[in-house]
Amino acid sequence: VATSMLRSVAGALLDPSREVRGAAAGCFASFARRNAPQDLTKVIFERLLKSEQEFRTDDAQRNSYRVSLARALWEVCRRCDDSMLETELKAAIAAKAFGLRYSSEQEVKTGWESLWTELCPSTSGGVARHCAEICAELAASFAESVSRADKVDTAKAVSALSAQLEKVEPKRDWSKEEAVKALHAAVKAAVQTLPTFDGSGMLVKALADLVAVMHRRKRGEASDSAIPTEASLG
């Protein structure tokens, strides 16, 4: 019964009214405490995180949804005890937050920046911890979104991610990380398939930034190991 109620209340977390969202969040947290953490994870994935594709062709509706979603997840993270939030759920929310921090829509950007800070007080620490999930989220955004504006914003996030990967200690060979390789493939496909448009230069920059960090030469390595190939650049 508690899980059923949790599903029912989840939708109210996206209500445009701040008062309704607040009441729903308190109710949601109360029901969450009566469920196993894995049930809470399942409901949030199904009822909140996976609903964005309903608005994939309408930029205005999608941005409005993202603003509401950020507020809803903020309430969940603030009101639910840390022990109730599974690692998988935290990683998924952090991954979405990282990318949407670079939205060109200020209200979307602000909401998800706050959520990212709530989950990851240190940007470098958050990237190191959730790198695979962030790469997967950004790759999915390139593959699933039909919005060019969305792709430009995602490209900005990829460039920012590349800068953070460069700082991770100890140094890692990102060219061997499956999640990074999948992200590289997604960015490369977007660059190759999209016609030139206002903002497409950001996609090319994102590809170049990611290739650079994937092929960064480590001290003592042969110099040709750091040279990006034509294939990797597209």
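Just so you know, these numbers come straight off a predicted model, no measurement behind them. All values below were derived from every heavy atom in this structure, side-chain atoms included, with hydrogens, water molecules and symmetry-related copies excluded.
- Between Cys80 and Ala32, the shortest heavy-atom distance links the atoms SG-CB, 4.1 Å.
- Listed for the Arg101 side chain is no donor-acceptor partner under 3.5 Å among the backbone atoms of Glu113.
- Salt-bridge check for Arg33 with Asp81: failed, with every basic side-chain N at 4.0 Å or more from each acidic carboxylate O.
- Arg79 CZ to Ser30 OG: the interatomic distance, rounded to the nearest 0.5 Å, is 11.0 Å.
- Side-chain atoms of Leu210 and Trp174, non-hydrogen and from C-beta on, never get closer than 4.5 Å to each other.
- Contact check for Phe31 versus Asp39: no side-chain heavy atoms found under the 4.5 Å cut-off.
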Q: For the pair Glu19 and Ser17, evaluate side chain to side chain donor-acceptor pair (under 3.5 Å) and give the outcome as yes or no after the intermediate values.
A: CA-CA 5 Å; Glu19 289 74 19; Ser17 166; 3.2 Å; yes
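- The closest side-chain heavy-atom distance from Glu177 to Leu165 is not below 4.5 Å.
- A salt bridge links Arg216 to Glu166: at least one charged side-chain nitrogen sits closer than 4.0 Å to a carboxylate oxygen.
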Q: Run the numbers on Glu107 and Arg71 for salt bridge (charged side-chain N to carboxylate O under 4.0 Å, His left out), then give the verdict.
A: CA-CA 11 Å; Glu107 197 172 5; Arg71 291 169 178 162; 2.8 Å; yes
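- Interatomic distance, CG of Leu85 versus CD1 of Ile44, reported as 7.0 Å (0.5 Å rounding).
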Q: Apply side chain to side chain donor-acceptor pair (under 3.5 Å) to the pair Thr3 and Arg7, showing each step before the final yes or no.
A: CA-CA 6 Å; Thr3 303; Arg7 292 178 185 278; over 6 Å; no
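- Residue Leu48 is not grouped with residue Val20 when hydrophobic side chains (ILVMFWY) are merged at heavy-atom distances under 4.5 angstrom, including chains of intermediate members.
- For the residue pair Val9 and Ala24, the shortest heavy atom distance occurs at CG1-O, 3.4 Å.
- Inter-residue side-chain proximity for Pro37 and Leu89 is flagged as unmet; no heavy-atom pair is nearer than 4.5 Å.
- Sorted by first and then second residue, the pairs that involve residues 109-153 and meet ring pair (Phe, Tyr, Trp, His ring centres under 6.0 Å), not counting sequence neighbours, are Phe98-Trp116.
- Judged by distance alone, the side chain of Ser162 and the main-chain N or O of Val158 form a donor-acceptor pair under 3.5 Å.
- The two atoms that bring Arg172 and Ala128 nearest to each other are NH1-O, 4.3 Å, heavy atoms only.
- Note that OG of Ser200 is 8.5 Å distant from CZ of Arg148, once rounded to the nearest 0.5 Å.
- For the pair Ala155 and Ala206, the tightest heavy-atom approach, listed with the atom from each and the gap, is O-CB, 3.4 Å.
- Between the Ser141 side chain and the Glu137 main chain, no donor and acceptor come within less than 3.5 Å of each other.
- At a threshold of 4.5 Å between non-hydrogen side-chain atoms, the residues Leu161 and Val213 do not count as touching.
- Side-chain atoms of Tyr102 and Ser159, non-hydrogen and from C-beta on, never get closer than 4.5 Å to each other.
- When the shell of 6.0 Å around NZ of Lys42 is examined, it contains 12 or fewer heavy atoms from other residues, nucleotides or ligands.
- The pair Glu105-Arg62 does not meet the salt-bridge criterion, since no charged nitrogen lies less than 4.0 angstrom from a carboxylate oxygen.
- Taking CG of Asp173 as the start and NE2 of His215 as the end, the distance is 9.0 Å to the nearest 0.5 Å.
- Using a 4.0 Å cut-off between a side-chain N of Lys or Arg and a carboxylate O of Asp or Glu, Lys167 and Glu169 do not qualify as a salt bridge.
- Looking at every heavy atom in both residues, Leu40 comes nearest to Met84 through CD2-O, 3.4 Å.
- Atom NZ of Lys96 and atom CD of Glu133 lie 13.5 Å apart (nearest 0.5 Å).
- Residues Leu138 and Val187 have side chains not in contact (no heavy-atom distance under 4.5 Å, counting atoms from C-beta outward).
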Q.
Checking Leu73 against Leu49 for the side chain to side chain contact (heavy atoms under 4.5 Å, CB included) test, could you report, in this order, the C-alpha distance in whole Å, the side-chain angles of both residues, the deciding distance, and whether it holds?
A. CA-CA 9 Å; Leu73 293 175; Leu49 290 175; 3.9 Å; yes
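- Shown are Asp150, Asn63, Asp153; of these, the side-chain hydrogen bond (donor to acceptor under 3.5 Å, both in side chains) with Ser104 is made only by Asp153.
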Q. Do Glu88 and Thr41 pass the side chain to side chain donor-acceptor pair (under 3.5 Å) test, and can you show the C-alpha distance, the side-chain angles, and the key distance before you say yes or no?
A. CA-CA 8 Å; Glu88 177 190 5; Thr41 297; 5.4 Å; no
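- Of all heavy-atom pairs between Ser147 and Asp59, the closest is OG-OD1, 3.1 Å.
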Q: Check step by step if side chain to side chain donor-acceptor pair (under 3.5 Å) holds for Ser122 and Ser124.
A: CA-CA 6 Å; Ser122 161; Ser124 58; 3.1 Å; yes
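- Annotation: the span from Ile134 atom CD1 to Arg129 atom CZ amounts to 10.0 Å, rounded to 0.5 Å.
- With a 4.5 Å cut-off on side-chain heavy atoms, Leu207 and His184 count as touching.
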